[in-house]
There are 2 protein chains.
Amino acid sequence: MARAKRTTKEKLLDAAEKLFARKGYHGTSLRQITREAGVDLALVNYHFGGKEKLFEAVLDRRGAMLNEERLRRLEEVCRAAAPRPAATEAVVGAFFDPILDFLEHAGPGWHSYFSLLAWVNNSPQWGKRLMGKTFNATVKRFIEALMDSLPKAAPEDIYWGYNFLTGALTLSLAETGRLDVLSAGLCRSADVAALRARLGPFVAAGLRGLAQRGG
Amino acid sequence: MARAKRTTKEKLLDAAEKLFARKGYHGTSLRQITREAGVDLALVNYHFGGKEKLFEAVLDRRGAMLNEERLRRLEEVCRAAAPRPAATEAVVGAFFDPILDFLEHAGPGWHSYFSLLAWVNNSPQWGKRLMGKTFNATVKRFIEALMDSLPKAAPEDIYWGYNFLTGALTLSLAETGRLDVLSAGLCRSADVAALRARLGPFVAAGLRGLAQRGG
DNA sequence: CGGTCTATTGAACGACCGTTGAAGTCTAAG
DNA sequence: CTTAGACTTCAACGGTCGTTCAATAGACCG
């Protein structure tokens, strides 16, 4: 069988995804990207209209698919629990699992994409605008579900809890290798199964702890 | 009273700290830094020996003070609890509180420094080497204290828990403003008191949940 | 005063940056 | 074949980058 050959646009998106994830926006040049993609320098401007447009196109490409899968699973756990609200564990599972599944079973492109997403999410320069544009609608749905699952919690606690939740996820996706060093090899940043087993329980317990704060 | 005038080195460190925190390493030029500092371009190479050396000098400057304060508080809570191990809440408090105190009561330089630290910690390019060089020794002490406070937890759970903990802290320090947008102004990224009230409870409960995972 | 060391200045270097436009190639329709 | 349109190539543009170096200024000491 012959795999359908990648178009120039796809080659550029793949190369840009990989390099932006490693070195960030300003740390990556269009010449590096086009060399990695094996296409001419000028094609970036022809197909995307500039470096910044290419950057946003990289973020957009997989964002829609991630949103769809997350919302699909959220509806699933909400429907399964109805008429009661879904459990906190189930909601955070619907938030994390699509990422972990893509990491484990989809190609290396998703790996770079999530690493890049972690980079953007932590960037004071890009985080607010770009994360919001792609993910705000979906995230609001999840925050509502979290509020329903913890009716005694104040809305402020849920918002801050979501902030902590996404921070824990973000650092894990960045895969800086620091965990490997600190644990002297006992834990590996890239071990998705180990992450899956622990991120959900940690976050669900944390949210519950926040909800019962001082009570 | 006349404040002791800043040396050229300090002017450069202050300006670099501020700009690196906002735009990252590659997003900041030496000309921007020297303009902000009000000194000549060539003085960066004279005093620091290059851009990368300046970057590391910025990280080193406040790192030692943070380590000292963290270890001082860790010993304090361990001594207060002896001969029993310190509680998980107290250990994570000794880890977070120095940062929160510096943020609230020290100058704006600390603010930029922590934002930069968040940026570095999430960077696949810098995180491993630079964070390790400055913080590994201190962090290992805290991880031991966490293990003592949760004797039933597996070491792997503590390492992963520390990863989540520092991720939650990191995203909060980055102050991307995303929390403000999502909550429609109800929460503010820069509200240190609100962060202080919630980060400790969230993380302590999360670690406890990890320790009891499946049990 | 002259001499020495440190700090600062201003100009310049070569390298790389993102972007552009004209010319060339390829494909499909008339 | 001719033509139109999409795609690709190549060379070059003006700018900015980090770094270097000789010249200058200032402080301290004899």
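As a basis for the values below, the full set of heavy atoms in this structure was taken, side chains included, without hydrogen atoms, waters or symmetry mates. All chains are named by letter (A, B, ...) in the order of the sequence lines, taking the proteins before the strands, and each is independently numbered beginning at 1.
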What donor-acceptor contacts under 3.5 angstrom involve side-chain atoms of residues 41-55 of chain B, with partners at least two apart or in another chain?
{"from": "B:K51", "atom 1": "NZ", "to": "B:Y25", "atom 2": "O", "distance (Å)": "3.0"}
{"from": "B:K51", "atom 1": "NZ", "to": "B:T28", "atom 2": "O", "distance (Å)": "2.7"}

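- Remark: A:E156 does not engage B:R198 in a salt bridge, criterion side-chain N to carboxylate O under 4.0 Å.
- By the 4.0 Å N-to-carboxylate-O rule, A:D191 lies too far from A:R196 to be salt-bridged with it.
- Remark: side-chain polar atoms of B:Q32 are paired, donor with acceptor, to backbone N or O of B:S29 under 3.5 angstrom.
- When atom types are taken as modelled, the side chain of B:S149 and the backbone of B:L146 share a donor-acceptor pair closer than 3.5 angstrom.
- Residues B:F135 and B:L117 have side chains in contact (heavy-atom distance under 4.5 Å, counting atoms from C-beta outward).
- For DNA chain C, the contact window with chain A, defined by any atom under 4.0 Å from a protein heavy atom, covers C:dC17 to C:dG21 in 5' to 3' order.
- Remark: side-chain polar atoms of B:S123 are not paired, donor with acceptor, to backbone N or O of B:W119 under 3.5 angstrom.
- Between B:E36 and B:K11 there is no salt bridge, since none of the side-chain N atoms of the basic residue sits less than 4.0 Å from a carboxylate O of the acidic one.
- Salt-bridge check for B:K140 with B:E144: failed, with every basic side-chain N at 4.0 Å or more from each acidic carboxylate O.
- Within residues 49-61 of chain A, no residue has any heavy atom under 4.0 Å from DNA chain D.
- For the 3.5 Å distance criterion, the side chains of A:N163 and B:S172 qualify, holding a donor opposite an acceptor.
- A centroid separation of 6.0 Å or more is found between the aromatic rings of A:F164 and A:F202.
- Comment: A:D101 engages A:R73 in a salt bridge, judged by a side-chain N to carboxylate O separation of less than 4.0 angstrom.
- Between B:H26 and B:W126, the two ring planes are tilted [angle within 30° to 60°].
- Of the charged side-chain nitrogens involved, none lies within less than 4.0 Å of a carboxylate oxygen, so that A:R72 and A:E68 do not count as a salt-bridged pair.
- Less than 4.0 Å separates DNA chain D from at least one heavy atom of each of the following residues of residues 37-47 of chain A: A:D40, A:A42, A:L43, A:Y46, A:H47.
- The span of DNA chain D lying next to chain B, judged by atoms under 4.0 Å from heavy atoms, is bounded 5' to 3' by D:dC17 to D:dC21.
- Between B:E56 and B:R129 there is a salt bridge, since a side-chain N of the basic residue sits under 4.0 Å from a carboxylate O of the acidic one.
- Listed by residue number, the members of residues 12-36 of chain A with any heavy atom below 4.0 angstrom from DNA chain D are A:R31.
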